[in-house]
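Notes for the one structure printed next.
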Amino acid sequence: MSPDTSPLDVDRLRTTLLAPVGPWANLDVVERTGSTNADLLAAAAAGAPDRSVLVAEHQASGRGRLARTWESPPGSGITVSVLWRPVGVPADRFGWLPMLGGLALLDAVREFCPAEAGLKWPNDLLLGTEQRKAAGILAEMTAVGGGGPGVVLGIGLNVAASRAQLPAGATSLAEEGAADVDRSDLLIVLLTRLAEREAHWREAGGDAEAAGLHAAYRAACLSLGMQVRVELPGGETRVGMAEDIDGHGRLLLLGQDGARQGVTAGDVVHLRPASG
Ligand SMILES: Nc1ncnc2c1ncn2[C@@H]1O[C@H](COP(=O)(O)OP(=O)(O)OP(=O)(O)O)[C@@H](O)[C@H]1O
Ligand SMILES: O=C(O)CCCC[C@@H]1SC[C@@H]2NC(=O)N[C@@H]21
C-alpha cells in the first residue's frame, strides 16, 4: 500500500466549500507546516474570520491533547483545522465542539469506509474489530481579544497510511477496507458535515440537547456502558461505569459505591477499559 495519494484538489475544494456556494468563509491549503492548529490560532489572534479552514499536506509537528504528538506521513491523511467564533453561544458550551466534530467525522468516515466505526470519549475515532484509533480531534480556545471568543478544532485522520507508518494501536481507512479513497472527496464531505452540525448547534444557542447532539453522541460513543479507568493529572484515578455524557459534555462515571462523578475532557490523561 502506498502512502501517496493524489494531491488535494485545491480548486475543487474552494469552489465547493467557500461562500456563497459553500458554508466556509476562508480555505487555505498549505504544502507544509508545523501544526495547522498552531497556525490557525495565530491567524485567529490576528483577526481571522469565523469559519476559516486551514489544511496541510504535510504537518511536521502535529499536536494532540496534553502536548502529545500527532504523526502523519505526508500526503497520506487529512490534517485540517477550522476556526469558529460562535457569536451568541456562551463559552461554557464550547465543550461540545470536540464531540460535535467527532460526530461529523464519523458521518464522513462511514461514507467511505465499510468498517465498524465509533467514538471514544472525548476525542478519538476508532475503527474496525480491534477498535484501533484512526483519527483524533483537538479543540483549543482562541486567545482573548482578536475578534471575540472562538475555538480552533483540529482533526487528524489516517487515510492511506499503513499500520507500519503509524504509532502502535493506530489504523487507517485503507487498513480497514477503504482502498483508494480520494482525499478531496473525503475532505469535502467532512467539512460539509462539520459546517452543518455546527450551524445547527449554533442556531440552538449551543444547547446540545436542543441541537440533537446529545442523543447522537450517546449513540456513537463506544465508551458508554463500559467499566473504565480514568487517569487524571497528578496520578489520581477513577474507576466506574461510563454511564452518560452530561449537558456540559462531561463523562458521568457511576462508581461501585453508587456515587456519580463528572469527568471533564481536558482533565483526562488516559481513559482505558477498567480491565486493561
Ligand atoms: N496518526 C495517528 N493515528 C493514531 N494515533 C496517533 C497518531 N499520531 C499520534 N497518535 C497517538 O495519539 C495519542 C494522543 O491521543 P490521546 O490523547 O487521545 O491518547 P490515547 O493514547 O489515544 O488515549 P488513551 O491513553 O486514553 O487510551 C498520542 O499519544 C499518539 O500515540
Ligand atoms: O488525538 C489527539 O490527541 C488529537 C490529534 C489532533 C491532530 C490534528 S491534525 C490537525 C490539527 N493540527 C494539529 O497540530 N493537531 C490537530
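Please read all numbers here as calculations on a predicted model, not as lab measurements. Just follow the structure's listing: the first ligand is 1, and inside any ligand the first atom is 1.
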So the atoms of ligand 2 within less than 4.0 Å of a heavy atom of Gly62 turn out to be 14 (O)
For ligand 1, protein residues within the heavy-atom limit of under 4.0 Å are Arg65, Arg68, Thr69, Trp70, Glu71, Lys120, Asn123, Asp124, Lys133, Asn158, Leu166, Pro167, Ala170, His270, Leu271, Arg272
Looking only at protein heavy atoms, what sits closest to atom 15 (N) of ligand 2 is Arg63 O, 2.8 Å
- prompt: For Asp180, does the CG atom have more than 12 heavy-atom neighbours from other residues, nucleotides or ligands under 6.0 Å away?
  reply: no
In ligand 2, the atoms that come under 4.0 Å of a heavy atom of Lys133 are 1 (O), 2 (C)
>> So for ligand 2, is Trp70 a polar contact partner (N or O within less than 3.5 Å, distance only)?
In response: no
Show me the donor-acceptor pairs within less than 3.5 Å that the side chains of residues 112-122 make with the rest of the protein, sequence neighbours left out.
unit_1, atom_1, unit_2, atom_2, d
Lys120, NZ, Leu271, O, 3.1
Trp121, NE1, Gly249, O, 3.2

So for Arg68 against ligand 2, with non-hydrogen atoms under 4.0 Å, the contacting part is neither
Judged by atom type as modelled, is there a donor-acceptor pair below 3.5 Å linking the side chain of Asn123 to the main-chain atoms of Leu138? no
among protein heavy atoms, the one nearest atom 9 (S) of ligand 2 is Gln59 NE2, 3.4 Å
Which of Val159, Val55, Leu105 passes side-chain contact (heavy atoms from CB on, under 4.5 Å) with Ile78? Answer is Val159
Ser35 heavy atoms within 4.0 Å reach ligand 2 at atoms 12 (N), 13 (C), 14 (O)
Paired with Val53, the side-chain contact (heavy atoms from CB on, under 4.5 Å) test is passed by just one of Asn26, Leu13, Val80, namely Val80
closest protein heavy atom to atom 10 (C) of ligand 2 is Thr36 OG1, 3.3 Å
Quiz item: Can you tell if the side chain of Glu111 reaches within under 4.5 Å of the side chain of Arg193, non-hydrogen atoms only?
Solution: yes
#### Entry: Heteroatom proximity flag, Arg65 to ligand 2, N/O under 3.5 Å
yes
Checklist entry - Around atom CD of Gln256, are there more than 12 heavy atoms of other residues, nucleotides or ligands at under 6.0 Å? => result no
Contacts of Thr264 meeting side chain to side chain contact (heavy atoms under 4.5 Å, CB included) (sequence neighbours excluded), chain-then-number -> Arg250, Asp267
The complete set of side-chain hydrogen bond (donor to acceptor under 3.5 Å, both in side chains) pairs with one or both residues in residues 96-109, sequence neighbours excluded, reads Asp107-Arg197
Gln59 side chain vs Thr36 backbone, donor-acceptor pair below 3.5 Å:
yes
Do side-chain atoms of Arg183 reach the backbone of Gly77 as a donor and acceptor pair under 3.5 angstrom? yes
Under 4.0 Å between heavy atoms, the region of Asn123 that gets near ligand 2 turns out to be side chain
